[in-house]
Amino acid sequence: MHNPSPMTPVGLRCEYFENTLGLDEPQPRLSWQCQRQTAYQIRVVAGWDTGKVVSDASTHVEYRGPALRSRQRYIWQVRVWDADDRPSPWSESAGWEMGLLKRSDWKAKWIGCDTPCPQLRKNFALGSRIARARIYVTALGLYELWINNQRVGADYFTPGWTDYTGRVQYQTYDVTSLLREGGNVLGAIIGGGWFTGAIAWRNERHLYGHPPRLLAQLEVTDDDGRVETIATDASWESAAGPILESDIYNGETYDARRQFGDGGWQPVKIFDAPRVTLNASASPRVRQIQELKPQRMTEPKPGTFVFDLGQNMVGWARLAVNGPAGTTVTLRFAEVLNPDGTIYTTNLRAAKCTDRYTLRGGGTEVYEPRFTFHGFRYVEVTGGKPESVTGVVLHTDIRPTGSFACSHPMLNQLQHNIVWGQKGNFLEVPTDCPQRDERLGWTGDAQVFCRTACFNADVAGFFTKWLADLADAQSTRGAFPMVAPVVWRARSHDGGPAWADAGLICPWTIYLCYGDRRILERHYDAMRRYLDFLDATDYKSRHCFGDWLNIQDDTPKDLIALAFNAHAAQLMIKIAEVSGRKKDAARFRTRLQRAKVEFNREFVTPTGRLVGGSQTAYVLALQFDLLPPAKRRQAAARLVQRIHECKDHLSTGFVGTPYLLHVLQRFGHLDLAYQLLLNEDFPSWGYPIKHGATTMWEHWDGWRHDKGFQDPGMNSFNHYAYGAVGDWMYQTILGIQLDELQPGYKHFFIAPVPGGGLTWARGEYQSIHGPIRSAWKIERGRFALEVTVPGNTTATVQLPGPRQKPRRIGPGSHRFESKL
Ligand code: BGC
């Protein structure tokens, strides 16, 4: 029994996992949570003991013991010393296990066949005394693994999406309990997924290759340590089965009258090993996260049933149906309805988003697809009346870390919509949208939303993986692309200003939010190459999306390009400094100076106006400190004037929106910032909500009461970009702000700035050190604040109201009051 002393460290994690199998990080980092720490000691069974290390670091402590070996399991514990130099008891044990670290560890061969969604299988016998069994598995395509009729793991869309021409992830599962003495069957169903599907709206199939293939290696160890390996090879067999078609955009066709092997089992094809790196997945996996029951069913046309799940979601529908054999039930999916109650699918463009199920007959049949997903609120069922329809929500299993509530119901719905936008678009990679023939890892969208995403959920592992995709996608000249994983390599280089910059903004954000220095270290060369690319490229010649989807308030593209050149240099100065590269920092400083001078020469008129005069132009110039200090106040006044000209409404697009409220607040226009946040008429965050939105819309005017739907060619109702305002809600309304000098919330600020008539707000952020809480209310002119500070951190509280001095506080709960 461990002493449950409050000093004992808890929450042990290796990298971003609690207990993980199949890691391939040669020096994993260990983290824990504790009350107060002046020193720590880590011991890893049979390997490494740090002894007492005087340090208050409780996150990302690098393993520096003997080289880690493939398949080896490592058990570790930690204890800490407090301010009085008293040691805590040892923590509970936690463990991690290494994957296959060397190419030569893989004995398996790539196998497949030409049938759509075949099953590949192998019968084999095992002796008794199975002590441990692991399977290492991946695919070009998607796989679902079964052992003795039991599904292996709870993950979907494995092995995940990477640029399959260079890097493929593999997963490791503990399958000890699924095996038995005597005969066993190991089987996999494989599908095309992103590998062969019609990804990227051009309806080009086989983007990365064809047909899908599997690589799997089961290693069974008996009591005496003898290992038997069952690996994919020529002895496996394949058979067609009930899945006749499967495609991410288009959906799945399933004929339940057919079974795998009805047409016989054939030998598999062996494929040459592709020239790719096999990587253990660094991100949490996609899982079934929750289920939604329909709120109502309508029948807009005879025999057409429309189920309303009440929430725009991503995943699929589970269908329960009873009917004669051979009946085909068709499911189609949509985010919104036409005025006549039928589903509106025009905005899905070429994506068919249709699942078809043919009944085997004889009782209730339950069907859900496996290698496709849809973005929808409404499910249309034709061909038969189902017994039930259930919305199955799937996304990467990012642990929720944030909550926000306040006295204004619209803002609570906004928070809800932002979170659902994140859920729906964090499926394996951060996507622009989950429904139409797109669903790509658009870099601009990801950088815009990254900061908010970090509040709402633990996305460190998710971004660690995606930043590897981004690095894979960098061009030889150093440009970052529009989308990662890259889909049409030749055509997509240089994502352009504000898109390509995801290559700097996202690593920097992950570093700040999680104190993850390694992400900067790992991507440093790629980031520096990007700066070299910017140096070598005339910013005026760069492709640029502009201030995407602004409202008739275009910003000159050259201005955006130069502003982001300067911002890139600003970020690189900080990144170089943090990583101790002083010379580089000096070089980037010179670059920044040059960019600022040029910006003022090219885009600022002698009277201090910005060329084009858009809201976003002022926002960028102010946010990135491009103007001389003496000119900033006046520029902010011009921004305000510009907003007044828009009847106190925003007109910004993807590029300006994330910074808009921050800039207004910083230059003393808090009331206007609140007003923009709370507006409910067009254009505003409130407008879609007023019209029933349950996720963020791509356009401010995705639908208008006076005009109807936007251009169907581009009209997603689940696009997280404008959800970027979430970070302002956490930082200003709740006041939870990190300290760039002590990232990962080692020290942070609680500085709520009330406004907009709000009378209370409360919320939480589960930092890597533990929960941070901020809750306030205003009563009779007094501001009452409750704050929780996690162990081993400090915070500085700044109360609103006159003559309030900052107060430094330590772990625990605290209350404060001020007069407003
Ligand atoms: C996507 C965006 C993306 C944009 C580039 C669109 O098709 O949906 O969100 O950033 O293209 O401008």
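For ligands, and for the atoms within them, numbers begin at 1 and follow the listed sequence. Nothing here was measured: the structure is a model prediction, and the numbers come from that model. Positions are given from 1 along the sequence.
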(request) State if Met482 counts as touching ligand 1 under the rule of any non-hydrogen atom under 4.0 Å. (result)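 Not so, Met482 does not reach ligand 1.
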(message) Taking only non-hydrogen atoms of Arg439, do any sit less than 4.0 angstrom from ligand 1?
(response)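 Contact check Arg439 vs ligand 1: negative.
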(message) Taking atom CD as the centre, does Gln288 end up with more than 12 heavy-atom neighbours from other residues, nucleotides or ligands that are less than 6.0 angstrom away?
(response) yes
(message) Any carboxylate oxygen within less than 4.0 angstrom of a Lys/Arg side-chain nitrogen, looking at Asp308 and Arg377?
(response) yes
(request) Give a yes or no on whether a salt bridge exists between Glu245 and Lys352, defined as a side-chain N under 4.0 angstrom from a carboxylate O. (result)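 Between Lys352 and Glu245 there is no salt bridge, as every charged N stays at least 4.0 Å from the carboxylate O atoms.
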(request) Would you mind running through ligand 1 and noting each atom that sits below 4.0 Å from a heavy atom of Asp445? (result)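 Listed by number with element, the hits are 2 (C), 3 (C), 9 (O), 10 (O).
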(message) Give the atom numbers and elements of ligand 1 that come within less than 4.0 Å of a heavy atom of Trp442.
(response) 1 (C), 3 (C), 5 (C), 10 (O), 11 (O)
(request) Using side-chain contact (heavy atoms from CB on, under 4.5 Å) as the criterion, list what pairs up with Gln623, not counting sequence neighbours. (result) Tyr659, His662, Val663
Result block: side-chain N/O donor-acceptor pairs under 3.5 angstrom for residues 680-687, not counting sequence neighbours:
unit_1, atom_1, unit_2, atom_2, d
Asp681, OD1, His649, NE2, 2.7
Ser684, OG, Asn679, O, 3.1
Ser684, OG, Asp681, O, 2.9
Ser684, OG, Gly686, N, 3.3
Ser684, OG, Tyr687, N, 3.0
Trp685, NE1, Tyr722, O, 2.8
Tyr687, OH, His705, N, 2.9
Tyr687, OH, His705, ND1, 2.6

(message) Which option wins on minimum heavy-atom distance to atom 6 (C) of ligand 1: Glu438, His719, Glu698?
(response)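 Answer by nearest heavy atom: Glu438.
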